Amino acid sequence: MENNNTTLTVQGKEQKKNPVSRFFSAVNAKRKKIMLTLTTMVTMSMMSTATAFAAPADSGGGGTVDGEAAFNSVIGFFADWIGRIGLVVAFVGGIMFALAIKNDDAEAKTRGLMTLASGFVVFALTLSLNLFGITG
């Protein structure tokens with residue numbers, strides 16, 4: 001089987017393509033050009049590197065860079081509030097445990113003690129920021 005693709009001729013001239021087909025082929029050509037340009041730009045930006053130098057630790061701030069101090073203050077703020085939320089959770093767990101003792105419900109006692117313990121664990125973690133190298 002042969003594939004004979006030939007263009008139709010009308011009175012010796014090639015037949016022009018449909019206008020819609022011409023539009024989509026032009027859009028496709030533009031799309032290919034844009035994608036090639038974009039890919040080239042991304043590749044070139046990845047190949048060119050910039051070196052950034054941080055200030056030495058012994059200059060100015062006594063070993064603490066301003067960014068580190070800002071980070072520590074933000075973490076300290078969040079740690080204070082998370083610790084307070086942990087105490088509220090522990091308080092709710094204590095109330096749940098007290099009500100479970102009143103009703104003599106074993107499953108509710110377990111849930112109350114687990115809530116109480118989890119609240120205290122959250123509070124204890126916020127107090128131990130020095131273990132992670134963060135001064136709150």
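Source: prediction; values computed, not measured. For reference, positions follow the sequence shown, starting with 1.
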In Å, rounded to the nearest 0.5 Å, how long is the span from [atom1] of [X] to [atom2] of [Y]?
{"X": "Ile75", "Y": "Asp80", "atom1": "CD1", "atom2": "CG", "result": "11.5 Å"}
{"X": "Leu131", "Y": "Leu125", "atom1": "CG", "atom2": "CG", "result": "9.0 Å"}
{"X": "Met35", "Y": "Thr40", "atom1": "CE", "atom2": "OG1", "result": "10.5 Å"}
{"X": "Phe78", "Y": "Ile85", "atom1": "CZ", "atom2": "CD1", "result": "10.5 Å"}
{"X": "Ile34", "Y": "Leu38", "atom1": "CD1", "atom2": "CG", "result": "9.0 Å"}

Within one Ile-Leu-Val-Met-Phe-Trp-Tyr cluster: [X] and [Y], side-chain cutoff 4.5 Å:
{"X": "Val88", "Y": "Val121", "result": "no"}
{"X": "Phe23", "Y": "Val20", "result": "yes"}
{"X": "Val74", "Y": "Phe77", "result": "yes"}

Atom of [X], atom of [Y] and distance for their closest heavy-atom approach:
{"X": "Gly94", "Y": "Leu116", "result": "N-CD1, 3.6 Å"}
{"X": "Ile82", "Y": "Thr126", "result": "CG2-CG2, 3.7 Å"}
{"X": "Gly83", "Y": "Phe123", "result": "O-CD1, 3.4 Å"}
{"X": "Leu129", "Y": "Ala79", "result": "CD1-CB, 3.5 Å"}
{"X": "Gly112", "Y": "Met96", "result": "CA-CB, 3.8 Å"}

